[in-house]
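Notes for the one structure printed next.
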Amino acid sequence: DIVFPSELGSPLLSSWSETPPNLVFRTSMEEGPQKTRRWGTAGSGKINVTYNWSKEQRDLWKLFYNNTIASGALEFMWRHPIDDIDIKVRLQNVPSETLATYNRFSYNLELERLP
């Protein structure tokens, strides 16, 4: 398994948000409320986090992103900042980069939590 580099540290906890998988299938009726049923027991959830990295950490991230996870195509193990367990994730989108302060870079990662 590919593992997220521990040298990249933990995300900013104030940035963390998570949405569990939607396992409910809804069917519209001609009249009355929708019919609902559970369609499975496993699905993918969404996690959003922000990292604040130094130039060296930014360079390490670029190597990990471009080479190790093939520009986001491959899944990897990532340490959940709240549950403190390793989970399998992959990137949902190309991460955005902004300059946080002088020589510090902010990255927003949108992760898909895999079953």
inquiry  = Ignoring hydrogens, what is the shortest heavy-atom contact between S15 and T50? Give both atom names and the distance.
reply    = OG-N, 2.8 Å
query = Other than L63, which residues form its hydrophobic cluster under the rule that side-chain heavy atoms must be closer than 4.5 Å?
reply = none
ask   = Given side chains that start at C-beta, do those of P81 and L13 come closer than 4.5 Å, heavy atoms only?
value = yes
query = Is V49 reachable from M77 through a run of I, L, V, M, F, W or Y residues, each pair having side-chain heavy atoms under 4.5 Å apart?
reply = no
List the atom pairs, with distances to 0.1 Å, where a side-chain N or O of residues 1-11 and a protein N or O form a donor-acceptor pair under 3.5 Å, not counting sequence neighbours.
none

query = Nearest 0.5 Å, what's the CG-CD1 distance between L91 and I69?
reply = 4.5 Å
inquiry  = Please enumerate all residues that pass salt bridge (Lys or Arg N to Asp or Glu O under 4.0 Å) together with R104, with sequence neighbours excluded.
reply    = none
request  = Determine, step by step, whether E112 and K46 satisfy the side-chain contact (heavy atoms from CB on, under 4.5 Å) criterion, reporting the C-alpha distance in whole Å, the side-chain angles of both residues, the deciding distance to 0.1 Å, and the verdict.
outcome  = CA-CA 5 Å; E112 177 182 15; K46 308 290 183 240; 4.1 Å; yes
I47 side chain near H80 side chain, heavy-atom distance below 4.5 Å = yes
message = If the condition is salt bridge (Lys or Arg N to Asp or Glu O under 4.0 Å), which residues does K62 pass it with, not counting sequence neighbours?
response = none
key: Residues in salt bridge (Lys or Arg N to Asp or Glu O under 4.0 Å) contact with E97, at least two apart in sequence or another chain   = R58
note = To the nearest 0.5 Å, atom OG1 of T101 lies from atom CG of N103 at 8.0 Å
request  = Identify whether L74 and I87 are in the same connected component of the hydrophobic contact network (ILVMFWY, side-chain heavy atoms under 4.5 Å).
outcome  = yes
request  = Any salt bridge (charged side-chain N to carboxylate O under 4.0 Å, His left out) involving residues 68-82? Give me the pairs, sequence neighbours left out, ordered by first then second residue.
outcome  = E75-K88, R79-D84, R79-D86
ask   = Passes side chain to side chain donor-acceptor pair (under 3.5 Å), S106 versus N52? Steps please.
value = CA-CA 4 Å; S106 180; N52 191 352; 5.8 Å; no
request  = Check F105, Y107, Y65 against W53 for a ring pair (Phe, Tyr, Trp, His ring centres under 6.0 Å) and give me the one that passes.
outcome  = Y107
remark   = Rounded to the nearest 0.5 angstrom, the CH2-CG distance for W78 and L114 is 12.5 Å
query = With the threshold set at 4.0 Å, does a side-chain nitrogen-carboxylate oxygen contact exist between R113 and E18?
reply = yes
task = Decide yes or no on side-chain contact (heavy atoms from CB on, under 4.5 Å) for W61 and L109, but give the supporting numbers first.
result = CA-CA 12 Å; W61 163 254; L109 303 186; 4.0 Å; yes
key: Minimum side-chain heavy-atom gap W16-N48 below 4.5 Å   = no
message = Quick check: do F76 and F64 have side-chain heavy atoms less than 4.5 Å from each other?
response = yes
